Structures are given as structure tokens and as C-alpha cells.
Amino acid sequence: MEKSLARYIWSNTRLEQIWILTIVAASMIPYFLSFDLPKQIVNGPIQGKGFEHPGDTQTFMHIAFDLPLLGHVEVFQGLQLTRFWMLIALSLVFLALVVLNGLFKLYINTYKGRLGERMLRRIRFELIDRVLRFPPSQFKRVKPAEIATMIKDEVEPMGGFTGDAFVQPALLGGQAITALVFIIMQNFWLGMIAAAIVAVQAIVIPRMRKRLLDLGRQRQLTARELSGRVGEIVEGISMIHANDTTNLERADIAHRLGLIFKIRYDLYQWKFLVKFINNFLAQVTPFLFYSIGGFFALQGRLDIGQLVAVINAYKDLPGPLKELIDWDQSRQDVQVKYNQVVEQFSVDDLIAPRIQLVSPAPAGRLTHPLVATNLTIVDDSGARVLDHVSVEINPSEKVAIVGESGAGGEYLAEAFGRLIWPDSGRITIDGHDLLELPESLTGRRIAYASSETFFFDGTLRSNLLYGLKHAPLAAAVYDDAEASAMKWQMAEARRAGNPELDLNSDWVDYASAGATGPNDIYAAIRPVLDAVAMSQDILDMALRSTVDVATHEDLTSRIVELRQALRLRLKEEHLEDLVVPFEFDAYNSQATVGENLLFGTLNRHLMTNRQLAAHPYFRQLFTETGLNNDLYDMGLEIAENAVELFTDLPPDHPFFQQLTFMTPEDIPTYEAMLQKLNGKGYAAATPDERAAIIRLSFSYIEPRHRFGLLTQTLMEKIVATRIKFYEHIPADLARVIERYDPERFTASATLMDNVLFGRIAHQQANAPERIHSIMYDVFERLGLQDSVLSIGLDFNVGSGGKRLTNVQRQKLNLSRALLKRADYIICNRPLSALDHRVQEQIARAILTGLDRGDYAPAVIWVLTNPGFAELFDRVLVFNHGSLVESGTTSDLLEKNGMFKELLS
């Protein structure tokens, strides 16, 4: 990277800098004229110089030039104005100069801002580009939070400085010199006084600010280290809680914050001392002007107009001078930050840009063996984890790698996947070094999956298809306004040195996955998910998800058909009792009291349960029907039963899993409430106590909790209240409550609730599993399995995929690798979180399902259990970094060597 920030800025913005410097030079002309004009106004029309007699006039705006060869050239002979009109004319010219100077500043500052933001964009992109080209070993030495902080925050001042790098000294220096020259022209001695003060400020203040730079550097380093430490705490929070080291981390953070406080406090003290001295020097000059300049005026050596003009000119001198000194400090500060960034991002063995060039063209098949020759890999401690290994993997060959953890096989797999670089030896394909091949080839034709997984925050779909997004293949469709905006964005990207790649284009390489486009991609996804045994997980996610009606209209429009098909299937299998359907004029015994009252779903983005309970209409209806007293009495009995049954149990007792209306922490609260309200009625309780008790009844289900509290009379009363509720429901409630309708899709309910249109019977054994199985079959028979799969793939995996279980993450990671349909698939213990039996089932399904048609990839699988090595054509046995055995399982068993020991 360029070592000097000024050279970096000039090399990338040369033409823009020349243009704005030209504008700055032009702005000095009206700036100088604005200093001279007050003198003309005071000496001329105000004091009457040239207007000694009534009716005298003077020429205004006479424009003439004495030019070589041409002689005297008169452009405009001017206007003859009286004293009053001359005052008005000169004042208007002064106003025009003020406006003109303001317009110059507006243009210059706007141009500087745009130039700075463009350069900031360039710097950030170049740094991230370098991160993408770091060698794999570099990521073991850097903390992600520190890198992110540097790119996000530490380069921020560089963007602002870009516009000021050359313009600011030219503009401010020009203004200061213009004001100083004007003062000297009015009076030499006053000019020397101003020049002396300027010299002191220019010499003393920058020297004092060196301490500020040092403190600023320390502040930046400590802040970056704090950011890295906070990132470590977030990543290692599980370990911190598991080892009771939260207070150790608090002490560490407190120590770091104390150090930052001390640095910042010293910085503020020194900063304001420098400011005090600077302000003092700036203010002492007017004192000298008033005293010495006044003395000259009394002696007649300086007229009043000149004195006013000098004072007015000096008024504009300290500002530019102070800003010029600030600019110099900013220059040094930004250069220090730039040096630190350069130091951090200047890494040896960066991946060459040509390796990562965009290539929309399909990658050619790898039809030659993958050959490792004398491969040696040394870890960070200096130990050889792979020692002069030579091996050849043929196309379509299925190879198992076995050995104890750390034996070396996993390092060979990482080297094949380009995740680590060999210290000696090399890996070649058709004589070409693997590290010299473009990623557009290796990233598409070689797939890698391990037990270490990472997923970006987004949907399952975006993460699953991530391995197919290599280049924009289909342009996005825009209307005229959007196309114009996109054209401007691309032009700005080009000016900032960013690639002109449209993120909104379709980047998915459907052909690589064996599909023709987005319409049939699920036909390619489903076999992969089936092979890794993840289809069930995603379908379960779909059933628990709400559905976007606009996106999945093909499914939502057939909801009535789905419900009827499910009912018919249950009837065919004599399982009608598994589901109790919703009926508006009947109580659903498998639903909660609250669900029976509402008979619909509440849009929780617009209203909460608490807000609904407090709604005047809701409260009035409860009072009129007397249901508040009934539910209060019911809640009291629930509380009494719960306290009696569970008060002596530990909080982790499994019985609490059945207690849906109360947590273990609520038991003491309700116990105290019962003691207070013992023998007292509804009127004796406070509004908060009533709400807390009635809330218990809303979650009650008789077949599940079995307290015998729901009588037929009470159920009929709840149904009657429900009917009355919907008869005169106010508009504000109608907007937030979506009533169950057998002929309509309920957008705010889950897919499962929509298909069931009822509740599963709790007393039936394995009822949820049986219902799920029947639903999947119904989706398949109606041709909606792709739609349901799409809904499940809409699930957001969270930061790093942490909303998925470890097993699900490993399955998804392997699915992503398989979906690429690469020529070499490298599996480095990809399913270590699964049981060995399940691992074998998945491996068998993958190996038997991969070879289809003309697609027969090579598979290199590092096994956690050598027991299913028989599924592979060849087995490589590693020990202490060396390849000790190679052959088929039958050959290796006959040798009675290390492979047989691993099996025993």
C-alpha cells in the first residue's frame, strides 16, 4: 500500500484536486475586493471624500485597462452617482461580494465533501479487498472486531481529510495571505504586527500539538484493543458463563476503560491549554491594532477608513489561520492513523487479484487427478502436522481418510480445499499449482465442508445457495426511475474505484446445481436435503412459520383444498380424533380459554395481549357477561392447585414443562397473593391482582391440565361472549384481530395452524408426529412440497447461524457443498456432532446418490469413525502427519496394520 496518505490522495484524485484548486484561486479575487470595499464606503460616501459640494458626483463601475500593444481599453465608462446613490451602490456591491464569496464556499465545501466521501468509499473497499486476499494464516493472528473497527471507524477521518488535503491549505492560506497583504498595503507597521503574531501562532502551536498527536495515537490503539476484547467476550460468552469468569472480564474491561479515561483526560487538558494560548494570541492583536492604529489615526498617518478596513481584514485573519493550524494537526493525525492501517493491512503473500477475477462463464470440469507432491505443513508452533505426503486422487474416486484426531488427514483435506497453504511441496491439477488456479475454477469445481461451520445472518435459502453465487448472471429488472438511480450508483462506483457489480442481479448459478432457473431449483435442493437428513428439519420450520401471502400465493390460495385433503386423509386412516377443528359456535376443548375467547389471531406488531385486555370494549364485554368473575374464580383455583402441587419442587423439575401458565419463579408471587386474597371475592383484589389471576385462566386447557375447572355452562358462556364480541367489534380491534375463517387463509397464524384449522388432541399418543407425517404426505400428493420447502428456507438462521442447532449447522454446511455438484468434494469430518450410525447413513446416502448421469465426482472424506470406510474405493491411513497405509479396506485388513488397530 502507498505509505504517504497525501500521495495516495493525489494519485487517485489528481484531476478533481486541480479543478477545485482552480476554483479556490478564482475565489480569492472577490475575497480581496470584499476587504477594500469597506474602506471605499467609509472614506467616500460616509465621510464625504469627493463629495465636498452639494450635487457632486463620482464615477461608479468605470472599467478600463491599459494593455500592451493595445494601449488604453475602456470596457465600461461607468455611471455618475451622487453621494447617496454611491453609498447605496457600494453597499449593494458589498452585499453581492458577500453572496459571491458564500457561493464559492458552498461549491468548494460541497465538492470537498463529495470528494472525501468518494475517497472514503475507495479506502474502505480497498481494505476489505485486501482482507479477502489475506493468506489463510493471517486470520489466525487478527481479531475480527479490530479489523472491523479499523475499516469502519479509523479510516473515517481519512475520507474527511481527502477533500481538505490540498484545497484547505490553498483556501485558508490564500485567505490569510490575502488579508495580511491587504493590511500591509494599508499600513506597513500594522501589517508587521499581524505578521509577527501569525508567525508565533504558526511556529508555537504546531510544536505544542505534537503531544496531542501522541495522546491521540495512544487513544486510538487502546480503543481498538477494547473493541477486539469486547468481540472476544461476545464470541466466548458460553465459556465465560461456564467458568464463572464474568467478574474477571469486568475487571479487565474496567482496567482498559480506566486507561482510556486517563489518556483522554490528558488529551483534554493539553488540548484546551493549546486552545487557550491560541485564543490569547488571536485576541491580543486587536488590542495592538486599536492602540497603535488609533495612535496613527490621531497623528494623521492613518485615515479612519483604513483603520476600519484593517480591523475588518484582521477579523477574517485568525479564523483561516486557526483552521490552517487545525488542518496541519489533522494532517499529522490522519497520517498516523493511515500509517497504522497500512501496517495492519500490509501482509505478505497476498492472493493475487487475478486469482479472484469475476468470471460469469461456466467453469470447465476438472478431469485430471488432484496430486499432492511432497506436501509439508507446519503449524504455528513449528510442529510438522503433515510431513512430506504424496498422494494422487483420481476423478470420480471415493477416498476415505482415517486416523486419530490430529494425525494429519484433516490437514491434507484443508490443503486440498485451499484453506491452508503448504510450507513445502505443492498440490497440482494437470500440472498447474492449485494456489495459482483462479478461484472461479477451484471455488466452483472443488467443494469443501468441515465440522467448523459459519453462516451469514440471513435465510436458510441464502446460505444454502451461497456456494452458487459467483457472478451476476441475470440482470435485475428496473423501471425508469430505478434504472436511472442504478446508473448513477454505477458511475459513482467507477469513480470510487469500486467494481460495477449489481447486487440486485441474480447471482445464483442454477446450471451448476443441475437446475435451469429459480423455478426448478427446489428439485435440485430436495435430494441434497434428503441425503443429509435435513428435509424433516426444514419442513418442521415451515410448519412453525407464518407465511407471506404475496410470496407464496400458490399455497395460500389452496388452503381450503389442503384442509379438506387433511380431513379426508385422517378419515381414511380412522384418525379423526387426532384433530379438533375450530367451529365458531362451539368450544374447542383442545384450545386454550384465551384462544376460544378470541377465535382468531392477534397482530402482535400492532397490539399486545395486555393492551387487548385493557381495551374498553373488551373490559365492558367481560363486565356485562360476568365472565370476569368466572375467569377470576377459575384463575384462583388454578393458582391454588399449582401452588399446592409445585411449591416444594425444584425449578428444574420436569413437571414444570406441563405448567404452561406459570413459571417456577411465579410460584412465590402467587402464593403470597393467595394468602392475601384468601376468602375474599373479586372486588377485594386490585386491578393488577385481577389481571394476574385472570391471565392464568387464559392459558388453561382442560384435557392437558385436568384440574376439572371447565364446566359445560362456562364453555357455553365463553362461546356466547365470543359471538357477542364479534357482533359489535370496533374498527380498531377488527384491524388487529384476524378471525378464523374455514374458507380463508389466516396470514398471522402459522402454516400448521392454517392447515389444521384446529388443535391436536393432547390425549392421543404421538399425535404431533403422526399429524406431521400425514401433512408431509398431503403436501406431496398435492404438489406443494416445493412451496412448503420454500417457506422453511425463509427461516432466518441468525448471526453465525446460531439459531440452528450444531447438528443442523453441520448438515446445512454439507448440503451447501453438495449442491455445487463439484468435481472434487472434500468432507473433513463434516458431521462430527452426529451419532456414528447416523453419520454412516448420511455418508451412504450421499455416496449412492451422487453418481447420476454424467456426474460422478471424486469424494475425499475424513472419517470420524473408520467403521464405514468400506463404502469407499480407497482408504488413506494417517499417523503423526505421515501417510502410513493406502489401499482398499480388504487389502488393509489383510495387512494387520494400523487400519485394523483403528477398527478395533
Side-chain angles (χ1 to χ4, degrees), residues 580 586-602 604 607-649 651 653 655-725 733 737 759 762-763:
V580 179
Y587 188 93
N588 190 312
S589 60
Q590 301 296 334
T592 65
V593 171
E595 288 173 323
N596 273 284
L597 273 169
L598 197 59
F599 199 75
T601 57
L602 184 66
R604 301 189 188 281
M607 181 175 286
T608 64
N609 286 334
R610 188 180 295 274
Q611 290 172 325
L612 177 63
H615 194 279
Y617 176 74
F618 204 76
R619 297 174 67 177
Q620 177 189 349
L621 192 64
F622 267 48
T623 304
E624 289 177 357
T625 59
L627 200 57
N628 51 1
N629 288 286
D630 294 327
L631 295 183
Y632 177 82
D633 293 339
M634 183 179 178
L636 271 181
E637 290 195 50
I638 293 173
E640 289 172 358
N641 287 323
V643 168
E644 181 180 350
L645 291 172
F646 299 102
T647 189
D648 295 326
L649 296 179
H653 198 282
F655 282 179
F656 280 111
Q657 296 176 8
Q658 303 300 319
L659 196 63
T660 57
F661 41 70
M662 193 183 297
T663 65
E665 291 76 18
D666 291 334
I667 296 290
T669 303
Y670 280 100
E671 188 174 12
M673 203 180 297
L674 289 172
Q675 291 175 357
K676 176 186 174 184
L677 301 174
N678 187 24
K680 300 178 182 178
Y682 176 83
T686 65
D688 288 341
E689 290 169 342
R690 293 172 190 166
I693 291 172
I694 291 176
R695 180 178 64 83
L696 298 179
S697 65
F698 283 176
S699 302
Y700 184 76
I701 303 173
E702 184 63 60
R704 179 174 183 176
H705 301 118
R706 301 181 182 181
F707 289 168
L709 302 178
L710 265 177
T711 63
Q712 185 63 34
T713 302
L714 181 56
M715 289 190 289
E716 291 174 358
K717 195 171 188 179
I718 290 172
V719 172
T721 303
R722 171 208 299 169
I723 295 171
K724 191 172 183 181
F725 174 76
L733 287 183
I737 297 175
R759 287 290 176 263
H762 291 88
Q763 65 270 24

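Bear in mind the structure is a predicted one, so any value in this text is a computation, not a measurement.
- The distance from the NZ atom of Lys724 to the CG atom of Leu627 is 11.5 Å, given to the nearest 0.5 Å.
- Tyr670 contributes no side-chain N or O that, together with a main-chain N or O of Glu640, makes up a donor-acceptor pair within less than 3.5 Å.
- Considering all non-hydrogen atoms of both residues, Ala639 and Leu696 come closest at CB-CD1, 3.8 Å.
- Side-chain atoms of Thr721 and Leu621, non-hydrogen and from C-beta on, do get closer than 4.5 Å to each other.
- The shortest distance between side-chain heavy atoms of Asn588 and Glu595 does not fall below 4.5 Å.
- Between Arg722 and Asn596, the shortest heavy-atom contact is NE-O, 2.7 Å.
- Side chains of Val593 and Tyr587 form a contact here, defined as non-hydrogen atoms less than 4.5 Å apart.
- For the atom pair CD (Glu689) and CG (Leu674), the distance works out to 10.5 Å, reported to the nearest 0.5 Å.
- From Tyr700, atom OH reaches atom CD of Glu637 across 9.0 Å, with rounding to the nearest 0.5 Å.
- Checking side-chain atoms of Gln675 against main-chain N and O of Ala672 turns up no donor-acceptor pair under 3.5 Å.
- The two residues Gly635 and Ser697 have their closest heavy-atom pair at N-CB, 4.3 Å.
- With contacts defined as side-chain heavy-atom distances shorter than 4.5 Å, the pair Gln590/Glu702 does not qualify.
- Across every non-hydrogen atom of Pro703 and Ser589, the tightest pair is CD-O, 3.1 Å.
- A donor-acceptor contact shorter than 3.5 Å is absent between the side chain of Arg619 and the backbone of Pro616.
- Looking only at side-chain heavy atoms (C-beta outward), Leu597 and Leu631 come within less than 4.5 Å of each other.
- Thr592 places none of its side-chain heavy atoms less than 4.5 Å from the side chain of Arg759.
- Between Tyr617 and Phe725, the two ring planes are tilted [angle within 30° to 60°].
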Please tabulate, for the side chains in residues 709-718, all donor-acceptor contacts under 3.5 angstrom to protein atoms that are two or more places apart in sequence or on a different chain.
{"residue": "Thr711", "atom": "OG1", "partner": "Leu714", "partner atom": "N", "Å": "3.1"}
{"residue": "Gln712", "atom": "NE2", "partner": "Glu716", "partner atom": "OE2", "Å": "3.4"}
{"residue": "Lys717", "atom": "NZ", "partner": "Thr625", "partner atom": "O", "Å": "3.2"}
{"residue": "Lys717", "atom": "NZ", "partner": "Asp630", "partner atom": "OD2", "Å": "2.6"}

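- Distance CZ/Arg706 to CD1/Ile701: 12.0 Å, rounded to 0.5 Å.
- Considering CG of Leu677 and OG1 of Thr686, their distance stands at 7.5 Å, rounded to 0.5 Å.
- Phe599 places none of its side-chain heavy atoms less than 4.5 Å from the side chain of Ile737.
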